[in-house]
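By convention in this document, chain letters (A, B, ...) are assigned in the order of the sequence lines, proteins followed by strands, and residues within each chain are numbered from 1.
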Number of protein chains: 2
Amino acid sequence: MKVASHPQTTEGRILEVAAELFDERGYRGTTMRELASGVGVKAASLYNHFPSKQAILVRICLDGMREFYDGVLVRLQEIHDLRERMRQLIIWQVEAETRSPYATRISDEQLDALNPQSRRELIDLRDSFERILDNLLNEGKAQEIWHVPHVRVLCQGIIGICKVNPWYKTDGPLTPLQIGEMYAAFILKALAVGDPVLEQGSERA
Amino acid sequence: MKVASHPQTTEGRILEVAAELFDERGYRGTTMRELASGVGVKAASLYNHFPSKQAILVRICLDGMREFYDGVLVRLQEIHDLRERMRQLIIWQVEAETRSPYATRISDEQLDALNPQSRRELIDLRDSFERILDNLLNEGKAQEIWHVPHVRVLCQGIIGICKVNPWYKTDGPLTPLQIGEMYAAFILKALAVGDPVLEQGSERA
DNA sequence: CATTCAAGCTAACGGGTGTTAGTCTAGTAG
DNA sequence: CTACTAGACTAACACCCGTTAGCTTGAATG
C-alpha cells in the first residue's frame, strides 16, 4: 500500500496513509481530520507538508503512475520475444495493482477531483502505457503468432483482468506473482494462433 | 444508463439522473442540489419522492443488481451446454455493464455508504452471481473440457474483463453484443483443453 | 363550489468540510 | 546563550452539505 516508501518522515506517512484511505473510502469520502488522525497529527499540521488536499492526491496519483510506467519500460527493455513481453507486462500490472492501486486504477471520481494539468499528465501516462500494449498486440498480429480480432477492445480486456485490487486479499492463497503468471498463461493461450478447429468463433475476419 | 425505465414520472427521472451522476462523480461527489438541478427541480422537492439520499442509492443499486441477477437466471435456463452457458454469461455481463453500470460494478466507496442491511443484500446477490460462474468453471473442470488452474481467481479475472463501463463509449466502433461475443470467444479459447504443446504453463497441477 | 392532497417552492438549520491565522515548542546554528 | 526555524498545536472562518418546516398551487374528487 505504500507509495513512495518514505515511511520515516511525516510527509511519507501522510502519503502512505492517504493512499490507503483514498483507496478504501474514495478521495471525497476521506476527510483531512481522518487522514491526520491516521498519521497521528492534527488536521492543520498537514498543511505544513502539503498546500492542499488535492496536492496530496496529485502526488499519490502521479508518483504512482510514473513509477508504474517507468517500471514497465525497465522491465521490458532487452526482452524481445513477444510472448515473454506480454507475460512480463501482465505480471507487472497485477503486482502494481496489489502494491499501489492508485497507479493503474484511476477512477473517474478521482480524475475530476484533479486540476486540469495533473489530469492531463495522468491521462497521458495511462495512454502511453496502453499504447505499449496496443503495439505489442499489433506486432503479434502482424507476425501472425496471435489472433487479435480488435486491438483496442482486447487491450482493455487485458487491462480489466489485471485490476485485481477490488478482490485481492493479502492473506489469500496465491501471491500476486502467482496470480499474474496464471493470467499471463491464460491470456497467451487465448491469443495463440492455434488449431483452427477450436476457433468456433463469432468473428468474420 | 437508465435503471428502472420509468422516465415519465419524476421519481423515475430522479433515479435515472442519479444513476448517471453517481456513476460519473461518485455517490459522495454528487450533491442533492446537483441531482435536483439535473431533474429540473429544487433540492427539497426530492424529499417528496425519497426519504434520503441514501435511499436513492439503495434503490439504484438493489434494483440494478436484482435485475442483473434475475436476467442471468432467465438467460441461462434451458441452456445446458457449458460453453454456451459461459458465452451467454459473458455477453450478459458486458451488456449489463453498458446499460446500468451500478449492477455489476459496486465500488467499495458505494458499499460503505449503504446501510448494513442493504449492503448485505447487495453482497449476497453479487456472491450468488459469482457462485454461478464458479460452478460453471468447476463443472467444466470436472468434465475435463476446460483447463481451470484456480477457480476463484479465474472467476475474478473473467468478471474483470467484462467491466467495460470505464472505457466503453456509445459511439464506439463495436456494439456491446459484439464486445461480449469477442470476449466470450477469447475466454472460451483460453479455457479449452487443447494441444498440450501450447500449454507452456507456469502451473504445476 | 369546497375539500383534499400530491408535489412543487423558499428559507433556514445544524453539522461537517477544507483551510487559515496565530501560537507554542523543541532542536539546531552561530 | 541567543536566534531561528520546522513543525506541531488551538481556534476559528467561510462555505457547502443533507435535511426539515412551512407555504403555495393546481388538479382530482365529492
Calculate the interatomic distance between A:K42 atom NZ and C:dT25 atom P; express it in whole Å.
17 Å
Salt bridge present between B:D63 and B:R59 (N-O < 4.0 angstrom):
yes
Any chance CD of A:Q117 has more than 12 other-residue heavy atoms, nucleotides or ligands included, within less than 6.0 Å?
no
Say whether B:E97 and B:Q93, considering side chains only, have a donor N or O and an acceptor N or O under 3.5 Å apart.
no
Residue whose nearest DNA chain C nucleotide is more 5′ - A:A44 or A:T31:
A:T31
Phosphate contact (C:dG18 OP1 or OP2) by A:K53 side-chain N/O below 4.0 Å
yes
Take B:R28 and A:Y27, measure what side chain to side chain contact (heavy atoms under 4.5 Å, CB included) needs, and give me the verdict at the end.
CA-CA 9 Å; B:R28 291 187 235 243; A:Y27 173 69; over 6 Å; no
Take the protein atom CD of B:E11 and the nucleotide atom P of C:dA7, then report the distance between them rounded to whole Å.
9 Å
Reckon A:S45 has a side-chain N or O less than 4.0 Å from the OP1 or OP2 of D:dG7?
no
Distance check needed: D:dG7 P versus A:R13 CZ, whole Å only.
15 Å
Quick check for you: among D:dG18, D:dA8, C:dT10, whose closest atom lies nearest to any side-chain atom of B:M32?
D:dG18
Check for me whether B:R99 meets the cation-pi criterion with B:W92, that is, NZ or CZ under 6.0 Å from the six-membered ring centre and within 45 degrees of the ring axis.
yes
When you measure only distances, ignoring hydrogens and angles, does the side chain of B:N48 come within 3.5 Å of the base of C:dA6 through a donor and an acceptor?
no
Separation of C:dT19 P from A:L46 CG (nearest whole Å):
10 Å
Between C1' of C:dG18 and CD1 of A:I56, the distance in whole Å
11 Å
Length of the CZ-C1' vector between B:R33 and C:dA12, whole Å:
10 Å
Would you mind reading off the distance between A:L21 atom CG and C:dG18 atom C1', rounded to a whole angstrom?
16 Å
Mind calculating the distance between CD (A:E34) and P (C:dT19) to the nearest angstrom?
15 Å
A:Y47 side chain: which of C:dC9, C:dT19, D:dA8 is closest?
C:dT19
If you compare every side-chain N and O of A:H49 against the phosphate oxygens of D:dA6 (OP1, OP2), does one of them come in below 4.0 Å?
no
